Chemist: 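Have a look at this one.
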Amino acid sequence: MNTPPQSETELMARAFALAGKSLQDIAASCHETVPLHLTHAKGWAGQLLERVLGANACNLSQPDFMNLKIELKTIPVSPLGKVRESTYICTAPIPNSESQWEHSRVWRKMAKMLIIPIESDKSKPLFSQRIGAPILWSPPRPIEMQLRQDWEELTELIMLGHFELLSAHQGKYLQIRPKAPNAKTFVKVVNSQGQTISIVPKGFYLRSILTQKIIEENYSLCL
DNA sequence: ATTTGATCATTT
DNA sequence: AAATGATCAAAT
């Protein structure tokens with residue numbers, strides 16, 4: 001693991017230095033080997049970049065670069081420039097323990113994000129897939145407002161115990177999906193009827209419609 | 001083809 | 001147990 005960057009400038013310099021390199025190049029610099037596929041190593045690339053860039057939050061519920069308040073996200077992008085996956089943000093507090101957007105886990109992580117696209121080309125082996133140019137992004141006001149609205153609506157469903165309505169169908173940019181080792185994992189909650197029921201733990205995710213937009217705006221005309 | 005729900009690995 | 005890193009694969 002590298003030492004934490006002392007400034008945003010230092011972090012960005014490190015991130016730009018990775019652009020264009022293959023996963024093989026980067027793994028080698030850490031004396032690591034690239035897995036053959038991601039099936040049993042789903043978070044591998046993201047964790048590799050954390051180490052190389054010097055992330056220091058160590059699984060705390062804090063942005064990866066705690067001192068800089070910047071969250072790192074790696075985003076798989078297809079050869080045609082399409083974002084392939086949604087982006088996990090954080091676990092959803094159930095039962096709810098947050099009342100204000102400004103103090104929410106989602107906002108703490110989304111206020112400033114370092115987005116690093118990673119080539120996701122299923123016709124090529126994983127080790128040869130390359131790292132893209134980094135994007136340091138904070139939500140523009142209108143997007144922040146939409147995120148806040150999504151968060152408030154989802155949080156209200158949790159607060160009111162309307163777990164039957166709490167699905168991935170809600171939310172324009174932010175959605176809630178299961179986040180658990182498997183579908184048999186559960187937590188007990190009290191629903192809107194006052195009954196205690198079991199549900200699968202949830203997490204907040206960013207829909208790819210938003211991450212797609214961010215990448216298009218920053219990589220303008222690069223297709 | 002895209003989206004939702006399910007799952008995998010690691011760390012503390 | 002619960003957080004992190006996400007992608008897989010079934011459903012639509």
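Computed from a predicted structure; not experimentally measured. Reminder, nothing fancy here: chain letters follow the sequence lines and each chain counts from 1.
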Chemist: What integer distance in Å separates A:L80:CG from B:dA1:C1'?
Modeler: 12 Å
Chemist: Scan A:E71 against the nucleic acid and name what it touches under 4.0 Å (heavy atoms): base, sugar-phosphate only, or nothing.
Modeler: sugar-phosphate
Chemist: Roughly, in whole Å, what's the span from NZ in A:K202 to P in B:dG5?
Modeler: 8 Å
Chemist: Calculate the interatomic distance between A:Q175 atom CD and C:dA6 atom P; express it in whole Å.
Modeler: 16 Å
Chemist: For A:S167 and A:R177, test the side chains for any donor-to-acceptor distance below 3.5 angstrom and give the result as yes or no.
Modeler: no
Chemist: At what distance, to the nearest 0.5 angstrom, does CG of A:L154 lie from OG of A:S104?
Modeler: 11.5 Å
Chemist: For A:K109, answer base if it contacts any base atom (sugar-phosphate contacts may also be present), sugar-phosphate if it contacts only those atoms, and nothing otherwise; contact means non-hydrogen atoms under 4.0 Å.
Modeler: sugar-phosphate
Chemist: Is any side-chain heavy atom of A:L210 closer than 4.5 Å to one of A:L147?
Modeler: yes
Chemist: Starting from the 5' end of DNA chain B, give me the residue, A:R84 or A:V200, whose nearest nucleotide shows up first.
Modeler: A:R84
Chemist: Expressed in angstrom and rounded to an integer, what is the separation of A:M66 atom CE from B:dT12 atom C1'?
Modeler: 14 Å
Chemist: Of all the nucleotides listed (C:dA3, C:dG5, B:dT4), which has the minimum atom distance to the side chain of A:H169?
Modeler: B:dT4
Chemist: Measure from CZ on A:R177 to P on C:dA11 and round the result to the nearest Å.
Modeler: 16 Å
Chemist: Check DNA chain B against residues 21-46 of chain A and give the residues with a non-hydrogen atom under 4.0 Å, in numerical order.
Modeler: A:T39, A:H40, A:K42
Chemist: Can you name the closest pair of heavy atoms from A:P35 and A:L126 and give their distance?
Modeler: O-CD2, 3.4 Å
Chemist: Rounded off to whole Å, could you give me the OH-to-C1' distance for the A:Y88 and C:dT4 pair?
Modeler: 7 Å
Chemist: Take the protein atom CD of A:Q62 and the nucleotide atom C1' of C:dT4, then report the distance between them rounded to whole Å.
Modeler: 13 Å
Chemist: Tell me which of A:A92 and A:P76 sits closer to the 5' end of DNA chain C, going by the nucleotide each one is nearest to.
Modeler: A:A92
Chemist: Check whether the side chain of A:Y205 and the base of C:dA6 form a donor-acceptor pair under 3.5 Å.
Modeler: yes
Chemist: A:D64 side chain: which of B:dT7, C:dA3, C:dG5 is closest?
Modeler: C:dG5
Chemist: Look at the side chain of A:D64 and the backbone N and O of A:E71, then say whether any donor-acceptor pair between them is shorter than 3.5 Å.
Modeler: no
Chemist: If you measure only the distance, is there a donor-acceptor pair under 3.5 Å linking the side chains of A:S86 and A:R207?
Modeler: no
Chemist: Give the nucleotide from the list B:dT7, B:dG5, C:dG5 with an atom nearest to the side chain of A:K73.
Modeler: C:dG5
Chemist: Please determine whether a side-chain nitrogen of the Lys or Arg among A:R14 and A:E10 lies less than 4.0 Å from a carboxylate oxygen of the Asp or Glu.
Modeler: yes
Chemist: Using a heavy-atom cut-off of under 4.0 Å over every strand shown, decide if A:S86 touches base, sugar-phosphate, or nothing.
Modeler: base
Chemist: In terms of the nearest nucleotide of DNA chain C, which residue is placed more toward the 5' end: A:Q47 or A:K122?
Modeler: A:Q47
Chemist: Could you pick out which residue, A:Q170 or A:A180, lies toward the 5' side of DNA chain B when each is mapped onto its nearest nucleotide?
Modeler: A:Q170
Chemist: Ignoring hydrogens and geometry beyond distance, is the side chain of A:K179 in donor-acceptor contact with the base of C:dG5 at under 3.5 Å?
Modeler: yes
Chemist: Identify the two heavy atoms, one from A:W151 and one from A:L174, that lie closest to each other, and give their separation to 0.1 Å.
Modeler: CB-CD2, 3.9 Å
Chemist: Could you tell me how far apart A:I89 (CD1) and C:dA3 (P) are, to the nearest whole angstrom?
Modeler: 15 Å
